[in-house]
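In what follows, a structure is listed as structure tokens, so that the remarks can point back to it.
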Amino acid sequence: MSYLVDTHCHLIFEDFSDDLDSVINNAFNSNVGGMIVISTQEKEFEPILSLAQKHKNVFCSIGIHPHSAQSHSNIDKEKILQYTNNHNVVGIGETGLDFYYKNSNKKVQSRLFKMHIDISRKTQLPIIIHTREADQETIEILNEETKKGHFPGVIHCFTAGPELASAVLDLGFYISLSGIVTFKNAATLRETIKNIPLDRILVETDSPYLSPEPVRGGRNEPANVVHTANYLADFYNIEKDLFYKKTTTNFHKLFNKAEIINE
């Protein structure tokens with residue numbers, strides 16, 4: 001059977017401090033052929049890069065999460081740019097807007113979001129976008145920034161409404177689905193995603209959060225992306241192997257710097 005890629009996980013979080021190597025090996029043994037470890041703040045840059053350099057088929061992103069925008073309001077764009085030359089760095093972010101938790105000032109979030117977009121535009125590395133309770137503002141920024149030049153991207157852990165889905169698909173972006181889609185109370189999300197083209201879908205865990213059914217409630221890890229993919233294959237009424245192939249092909253198209261080594 002074709003392999004999957006967990007396109008969004010946080011493996012350097014404290015949740016994995018005791019058994020990280022086992023978690024990574026478990027993913028590889030569960031038909032997960034690769035994973036992207038996502039940055040949320042500057043202090044993670046070096047540990048994430050070191051992890052990606054240690055393990056084959058583990059890649060990483062560099063960027064500042066909107067929750068951390070306030071404490072990184074003066075971060076130098078060159079600080080992020082310098083990491084993009086490393087072959088293990090395949091994306092920019094996660095970045096974006098989160099107006100739900102209000103951890104950072106909206107203007108600061110918007111400014112850093114645009115800075116990350118500029119880096120994505122310059123490097124053509126895909127921007128990894130977090131958006132919550134900010135659909136319209138996200139659409140406005142993406143449309144505004146696209147006029148300055150193309151940049152690739154993905155809305156990670158998509159939970160937004162149909163307007164944002166339509167807008168980002170029109171821009172050529174991808175939509176990444178997490179274990180949330182398997183939750184019983186996610187009927188509205190499933191209604192929104194039912195007509196998304198299969199050639200624009202990615203899968204992720206967002207580990208250690210959002211464990212999918214049937215393992216909901218415990219710590220999430222990259223191996224569990226299989227549960228989400230299997231659920232979505234049934235949801236879209238296609239063979240699991242075909243869904244695996246499609247989402248992995250999508251991964252390679254978007255994160256085209258990532259080279260998975262199969263031995």
Side-chain angles (χ1 to χ4, degrees), residues 7-8 38 40 63 65-67 69 91-114 116-117 120 126-147 150-206 209-213 216 220 225 227-229 231-238 243 246-247 250-251 254:
T7 61
H8 196 110
I38 306 296
T40 66
H65 192 289
H67 288 345
I92 305 301
E94 64 185 286
T95 181
L97 306 174
D98 192 314
F99 297 164
Y100 179 79
Y101 282 110
K102 301 178 176 61
N103 287 343
S104 295
N105 177 274
K106 290 183 178 182
K107 289 184 178 179
V108 174
Q109 290 187 50
S110 296
R111 180 167 55 80
L112 284 190
F113 186 17
K114 292 176 183 179
H116 284 76
I117 290 173
S120 175
I127 189 164
I128 300 160
I129 299 172
H130 169 111
T131 179
R132 188 170 185 188
E133 299 294 328
D135 286 18
Q136 194 56 48
E137 293 87 349
T138 299
I139 291 170
E140 290 173 1
I141 287 176
L142 291 176
N143 286 337
E144 171 190 334
E145 291 296 320
T146 297
K147 294 175 183 176
H150 168 75
F151 54 95
V154 56
I155 304 294
H156 109 87
C157 191
F158 185 86
T159 56
E163 186 178 2
L164 180 61
S166 177
V168 298
L169 289 172
D170 286 346
L171 293 174
F173 278 32
Y174 289 75
I175 286 176
S176 183
L177 300 174
S178 71
I180 291 176
V181 75
T182 72
F183 296 177
K184 291 187 174 80
N185 63 353
T188 300
L189 172 60
R190 289 189 286 271
E191 180 66 22
T192 298
I193 68 164
K194 68 180 182 180
N195 293 317
I196 292 175
L198 291 178
D199 63 358
R200 298 290 191 85
I201 292 175
L202 300 174
V203 287
E204 65 170 87
T205 59
D206 204 11
Y209 311 115
L210 308 177
S211 292
E213 299 289 355
R216 188 177 180 186
N220 203 4
V225 76
H227 296 299
T228 300
Y231 179 94
L232 287 167
D234 290 338
F235 178 76
Y236 289 114
N237 194 30
I238 66 171
F243 185 77
K246 283 185 175 293
T247 57
N250 296 343
F251 159 78
L254 180 62

Knowing that exactly one of Leu254, Leu202, Thr247 qualifies, which makes a side-chain contact (heavy atoms from CB on, under 4.5 Å) with Thr7? Leu202

How are the rings of His65 and His67 set to each other: parallel, tilted or perpendicular (split at 30° and 60°)? tilted

With a 4.5 Å heavy-atom cut-off, do Glu145 and Phe113 have their side chains touching? no

Quick one: closest heavy-atom pair of Glu94 and Thr40, and the distance? OE2-CG2, 4.1 Å

CG-CD distance between Asp135 and Glu137, expressed to the nearest 0.5 angstrom: 8.0 Å

How long is the span from the CD1 atom in Ile129 to the OG1 atom in Thr95, to the nearest 0.5 Å? 8.0 Å

Identify the two heavy atoms, one from Ala134 and one from Leu97, that lie closest to each other, and give their separation to 0.1 Å. CB-CB, 3.7 Å

Would you check, one step at a time, whether the test salt bridge (Lys or Arg N to Asp or Glu O under 4.0 Å) holds for Lys194 with Glu191? CA-CA 5 Å; Lys194 68 180 182 180; Glu191 180 66 22; 2.7 Å; yes

Do Ile201 and Tyr236 touch side chain to side chain, with heavy atoms closer than 4.5 Å? yes

Decide yes or no for Leu189 and Val181: does some side-chain heavy atom of the first lie under 4.5 Å from some side-chain heavy atom of the second? yes

Taking Tyr174's backbone N and O only, do any of them form a donor-acceptor pair with Asn250's side chain (distance below 3.5 Å, no angle check)? no

Heavy-atom nearest pair, Pro212 first then Gly179, reads CB-CA, 3.7 Å

Find the distance between CG (Asn220) and OH (Tyr209) and round it off to the nearest 0.5 Å. 11.0 Å

Just do the side-chain contact (heavy atoms from CB on, under 4.5 Å) check on Ile139 and Leu164 with the steps written out, would you? CA-CA 6 Å; Ile139 291 170; Leu164 180 61; 3.5 Å; yes

Check whether any side-chain heavy atom of Ser120 lies under 4.5 Å from a side-chain heavy atom of Pro126, and answer yes or no. no

Identify the two heavy atoms, one from Ala69 and one from Ser104, that lie closest to each other, and give their separation to 0.1 Å. N-OG, 3.4 Å

Quick check: does any side chain N or O of Ser166 sit under 3.5 Å from a backbone N or O of Pro162, one acting as donor and the other as acceptor? no

Measure the CG-CG distance between Asn195 and Leu169 for me, rounded to the nearest 0.5 Å. 10.5 Å

Point-to-point distance, once rounded to the nearest 0.5 Å, from CZ of Arg190 to CZ of Phe183: 10.0 Å

With a 4.5 Å cut-off on side-chain heavy atoms, are Glu213 and Tyr231 touching? no

Chi angles and distances behind the side-chain contact (heavy atoms from CB on, under 4.5 Å) call for Phe251, Val203: CA-CA 9 Å; Phe251 159 78; Val203 287; over 6 Å; no

Might you point out which heavy atoms bring Cys157 and Ile180 nearest each other, and give the distance in Å? SG-CD1, 3.8 Å

One should read off an interatomic distance between Ile193 CD1 and Thr159 OG1, to the nearest 0.5 angstrom, of 11.0 Å

Taking all non-hydrogen atoms of both residues, which atom of Phe158 and which atom of Ala165 are closest, and how far apart? CZ-CB, 3.6 Å

So do the side chains of His8 and Ile128 get within less than 4.5 Å of each other, counting heavy atoms only? yes

Counting only heavy atoms not in Asn237, do more than 12 fall under 6.0 Å of its CG? no

Will you find, in the side chains of Asp206 and His156, an N or O donor that is under 3.5 Å from an N or O acceptor? no

Between Glu163 and Gln136 (side chain of the first, backbone of the second, donor and acceptor by atom type, cut-off under 3.5 Å), is there such a pair? no

